[in-house]
Protein chains: 2
Amino acid sequence: MSADKKEQIINAAIDLFSENGFEGTSVRELANQAGVNVAMVNYYFGSKEKLFEALVEKRSLFIREKLEQLAATETPTEIEKVDAVVDHYVNRLLLQHKFHRTITLELLLVKRENLHENITRIFARNKEILMTIIQAGIRKGEFREVDVELTIVSLIGSINQVMLSKSLCRLAIAGNNAFDPYTDEAFKKRLTTHIKQLMRAHLLK
Amino acid sequence: MSADKKEQIINAAIDLFSENGFEGTSVRELANQAGVNVAMVNYYFGSKEKLFEALVEKRSLFIREKLEQLAATETPTEIEKVDAVVDHYVNRLLLQHKFHRTITLELLLVKRENLHENITRIFARNKEILMTIIQAGIRKGEFREVDVELTIVSLIGSINQVMLSKSLCRLAIAGNNAFDPYTDEAFKKRLTTHIKQLMRAHLLK
DNA sequence: TTAAATTAAACAAACGTTTGATTAATTTTT
DNA sequence: AAAAATTAATCAAACGTTTGTTTAATTTAA
């Protein structure tokens with residue numbers, strides 16, 4: 001029972017934190033959505049804030065693997081690796097978009113800075129992998145000598161700009177007032193195609 | 001007296017909302033920072049939420065002008081206009097980074113969606129102008145036939161990714177653990193140079 | 001029969017907001 | 001021009017709610 005309820009609470013927390021933020025979500029609301037008694041949150045996690053920490057801890061473990069494997073796999077050209085990274089990154093962000101929004105929201109705020117370090121570690125690992133790939137391309141003479149760090153910023157930033165908020169996405173993409181950027185397959189294809197094109201134009205000699 | 005205090009309250013609100021979010025900022029905290037009595041917030045603005053609306057209303061008026069003027073000015077090539085847009089956009093975001101963060105934070109959340117429309121209008125106008133410039137470049141044969149909307153997403157996204165949060169910025173840019181992305185001139189130069197380069201590689205035939 | 005899980009109820013603290021009184025400034029009346 | 005009436009600005013105090021958390025009692029599981 002215990003593991004189940006803990007999981008339910010974490011899921012409810014991701015749902016609500018991603019939509020209303022940490023301060024905008026009450027423990028009662030959260031317990032109600034998880035279908036448990038209010039007291040269970042503090043019984044299992046100690047406090048609302050520690051629940052947040054546990055949430056980050058639990059979900060971030062799941063992330064790291066695939067990207068590393070992807071970077072280690074040999075490919076004929078380095079740009080193909082970049083393509084694969086774009087595909088993977090977009091897919092992963094779509095799959096975990098609520099979790100991703102939750103921790104990004106947290107990073108934008110100044111309160112609870114002790115949590116920032118934990119979140120930072122997740123991002124830092126991804127950055128390292130992307131750095132390795134692009135630097136390899138430069139060393140081999142396949143890529144231009146670009147600003148590697150800011151190239152990664154543009155790659156991630158392009159995705160975040162539309163993925164983090166439906167409002168922002170609807171704003172950027174005209175016409176589709178009712179579509180959901182997190183599930184629309186056509187949009188996903190359009191986004192990955194654009195970013196790959198952008199990176200190829202930017203990186204290739 | 002009235003105009004002064006209203007302005008003080010709005011300034012305090014931008015300061016605090018940008019760091020702690022709307023829900024994370026109490027009216028007492030806000031009034032204290034503004035140096036006014038707690039009651040004045042509701043006396044002048046009606047409610048905490050209406051203060052937010054007034055804040056958006058007031059500060060968004062200031063924004064529109066320069067970009068429009070910039071789009072209307074003739075230049076030898078269209079890419080020069082893109083360069084100017086990048087310079088202007090980065091400068092403007094730096095100048096108003098707290099306001100920009102405040103309204104972006106609001107867009108990421110789902111609560112208070114009535115406010116979203118007001119904020120959306122600000123972004124939409126900027127998008128229109130950027131669309132015009134890039135489409136002109138394509139029509140003249142100077143630019144490739146790129147995905148115009150997503151090109152704008154990449155331009156803005158590249159800036160937002162580092163500008164919205166010091167945590168995110170420190171994460172992206174190694175070594176400079178103590179530097180402030182909103183005031184560091186060298187970083188501003190580096191960012192604009194990168195984005196201009198990225199846009200040239202992406203747009204020019 | 002212990003120990004763990006779950007609950008309803010209660011807790012103090014903090015929340016946004018309203019109140020009624022007071023002062024300062026402005027307008028109206030004489 | 002002086003007095004009276006009206007309006008606007010400001011304040012401390014209190015309002016009723018909601019907040020995160022804790023307690024103490026009860027149920028469930030081992």
Side-chain angles (χ1 to χ4, degrees), chain A residues 1-58 102-103 105-106 109-115 118, chain B residues 1-58 102-103 105-106 109-115 118:
Chain A
M1 295 282 161
S2 146
D4 259 20
K5 293 221 164 169
K6 281 183 87 166
E7 190 63 24
Q8 281 171 249
I9 293 172
I10 287 184
N11 285 336
I14 293 179
D15 262 29
L16 294 173
F17 290 174
S18 76
E19 293 199 341
N20 309 324
F22 180 80
E23 335 276 349
T25 304
S26 77
V27 178
R28 280 170 184 79
E29 206 181 346
L30 204 143
N32 189 54
Q33 166 121 347
V36 303
N37 187 277
V38 214
M40 299 312 287
V41 173
N42 283 305
Y43 177 72
Y44 280 127
F45 298 97
S47 71
K48 186 188 175 189
E49 194 160 334
K50 279 189 193 143
L51 158 62
F52 200 169
E53 289 170 21
L55 180 163
V56 172
E57 183 66 29
K58 179 126 194 189
T102 301
I103 60 176
L105 260 171
E106 184 58 22
L109 299 180
V110 170
K111 280 187 176 171
R112 293 182 302 284
E113 285 201 319
N114 58 312
L115 239 169
N118 302 9
Chain B
M1 297 280 163
S2 144
D4 257 21
K5 294 222 164 167
K6 282 183 86 166
E7 189 63 23
Q8 280 171 249
I9 293 172
I10 286 184
N11 284 337
I14 292 179
D15 261 28
L16 294 173
F17 289 174
S18 77
E19 293 200 341
N20 308 325
F22 179 80
E23 334 277 348
T25 305
S26 77
V27 178
R28 281 170 183 80
E29 206 182 347
L30 205 143
N32 189 54
Q33 166 123 349
V36 303
N37 188 276
V38 212
M40 300 312 288
V41 173
N42 284 302
Y43 176 74
Y44 280 126
F45 297 97
S47 72
K48 186 187 175 189
E49 194 160 335
K50 281 189 191 143
L51 157 64
F52 200 169
E53 292 171 19
L55 181 162
V56 172
E57 182 67 28
K58 179 127 195 189
T102 301
I103 60 176
L105 260 171
E106 184 58 21
L109 300 180
V110 170
K111 278 187 178 171
R112 296 181 300 283
E113 285 201 319
N114 59 313
L115 237 170
N118 302 10

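Below, chain A is the first sequence line, B the second, and so on; all start at residue 1.
Between B/K5 and D/dT10, a side-chain N or O to OP1/OP2 separation shorter than 4.0 Å is present. In terms of phosphate contacts, B/K48 brings no side-chain nitrogen or oxygen within less than 4.0 Å of OP1 or OP2 of C/dT17. For A/Y43, a side-chain nitrogen or oxygen approaches OP1 or OP2 of C/dA5 to under 4.0 Å. At the phosphate of D/dA8, neither OP1 nor OP2 sits under 4.0 Å from any side-chain N or O atom of B/Y44. Taking side-chain N and O atoms only, A/S47 has no distance below 4.0 Å to OP1 or OP2 of D/dG20.
Among the nucleotides D/dG20, C/dT19, C/dT7, the one closest to the side chain of A/M40 is C/dT7. If you check C/dG16, C/dA10, C/dA8 against the side chain of A/N37, the one that comes closest is C/dA8. Closest to the A/V38 side chain, of the nucleotides D/dT21, D/dC11, C/dG16, is D/dT21.
Judged by distance alone, the side chain of B/Q33 and the main-chain N or O of B/L30 form no donor-acceptor pair under 3.5 Å.
Ring geometry for B/F52 against B/F22 counts as parallel: the plane angle stays under 30°, on a 0 to 90° scale with 60° as the upper cut.
Counting to the nearest Å, the C1' atom of C/dA13 and the CD atom of B/E29 are 15 Å from each other. When the P atom of D/dT10 is taken as reference, atom CZ of B/F45 falls 12 Å away, rounded to whole Å. One atom, CG of A/D4, and another, P of D/dT28, lie 17 Å apart when rounded to the nearest Å. The CG atom of A/N42 sits 7 Å away from the C1' atom of D/dG20 (whole-angstrom rounding). One interatomic measurement links the two molecules: CZ of B/F22 to C1' of C/dG16, which rounds to 10 Å at whole-angstrom precision. Rounded to a whole Å, the CZ atom of B/R28 is 11 Å from the C1' atom of D/dC15. Protein atom CD of B/E23 is 15 Å distant from nucleotide atom P of D/dT18, rounded to whole Å. If you measure from atom CD1 of A/I9 to atom P of D/dG20, you get 14 Å, rounded to the nearest angstrom.
B/A13 and B/L55 make their closest contact through CB-CD1, 3.7 Å (heavy atoms, listed as atom of the first residue, atom of the second, distance).
A salt bridge is absent between B/K111 and A/E19; no separation between the charged side-chain nitrogens and carboxylate oxygens falls under 4.0 Å. A salt bridge links A/R112 with A/E106; the closest basic N to acidic carboxylate O contact falls under 4.0 Å.
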